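Just below is one structure, and these are the notes that go with it.
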Amino acid sequence: MKAFVGVDMGGTNLRAGIVDIERGIVLTSNMVPTLAREGPVAVMARMADLIKAAIVSCGLGIEEIGGVGIGVPGVLDLERGLTLFLPNLPGTWSNIPLSATVSGKTNLPVFLLNDARSITYGEWRFGAGRGVDTMACFTIGTGIGGGLVINGKLHLGIGGTGGELGHQTIDFNGPVCGCGNRGCLEAFASGPAIAGMGIKAVIQGMTTSIGKMVDYDLNKITPEVIFEAARQGDPIAKDIYEQAGSYIGVAVANVLVSVGPRKVVIGGGVAAAGDLLLEPIRRTARERVRIIPADQTEIVQAGLGLNAGLLGAAMWAANKLDRV
Ligand SMILES: [Zn+2]
């Protein structure tokens, strides 16, 4: 068995999984809180301890592990193993030697990859994107991440920054996005943007069950609450997903004409809404793409859930070491 460690570095939790890269399965996984406010030195020490604990709890010795891949939420220098900008972590981790530090503490080779690219890679090798040579992946959650596989290879671009599909402009007069640009997809269809549409509907006094479902505590309105309302037939809630899906569909259309993927995989927490979100995505993408045969592109829900990032990061490390 070839075992690698995949790490999912989140703003709230750190997860480490032992991955059998031949079968594409997570054998065991461990999780601890990130406690990001303690800063990079403490977080990296906790991550190294978590990796060692994960190896022990899987009943393996360190010599049986090929290496470690870390899915990181932000901008990286892949060649030098540095974090450059992690927008959701305190201090934003400018020029932190994450790879060398964790490698030094674990005695294992460590490779970094953006978290959405890790999910993309995992879904391509083992999930909903399996078997095609070109695919795009959108991860719809607190933000919107993305990744591309082109001609059988994960597309990296400059230092691994290529594939930020959530930060394509879909309305050049649109609202300011967290990245500083105006009108990014993320500003229209991320989890908080969808929640915002629900809050607006309740404040405007529209006829919807969303307000009642949270006892009119607007802070409790989430994409999940709106999904539940839509599932129960609430027309405003259905409209909100229709809107979000249309925005994502425009972005998917842009990717179809620029990349020509055989599959587009939609993942992340918001994608749990399934066809409620996927149908308007498919419809919008097909309406807008006329120049290439868009009906040959399958637009599907991601298949691996939370394990996609662990599998992808572990596979990435194996790939960098020429083990796959
Ligand atoms: Zn943006």
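Positions are given from 1, in the same order as the sequence printed here. Indexing begins at 1, ligand by ligand and atom by atom, following the structure's order. This is a predicted model, so every value here is computed, not measured.
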Open item on the list: Please confirm whether the ring centroid of Y121 lies under 6.0 Å from the ring centroid of W316.
Closed with: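 Centroid separation for Y121 and W316: below 6.0 Å.
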TODO: Show your working on side chain to side chain donor-acceptor pair (under 3.5 Å) between T34 and N13 and close with a plain yes or no.
DONE: CA-CA 5 Å; T34 308; N13 290 305; 5.6 Å; no
TODO: State, to 0.1 Å, how close N254 and T169 come at their nearest heavy-atom pair, and which atoms those are.
DONE: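 The answer is ND2-O, 4.5 Å.
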TODO: Return the set of protein N, O or S atoms whose distance to the Zn ion (ligand 1) is under 2.8 Å, each given as residue and atom.
DONE: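 Under 2.8 Å from the Zn ion (ligand 1) - ignoring waters, which are not counted - the protein N, O or S atoms are H167 ND1, C177 SG, C179 SG, C184 SG.
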Open item on the list: Looking at E123 and A128, would you say the former's side chain and the latter's main chain have a donor-acceptor pair under 3.5 Å?
Closed with: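 Pair found, side chain donor or acceptor close to backbone of A128.
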- [ ] Give me the ring orientation class for F227 and Y241: parallel if the planes are under 30° apart, tilted from 30 to 60°, perpendicular past 60°.
- [x]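 F227 and Y241: perpendicular rings.
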Open item on the list: Looking at R23 and D20, is any side-chain nitrogen of the basic one under 4.0 Å from a carboxylate oxygen of the acidic one?
Closed with: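 Salt bridge present between D20 and R23.
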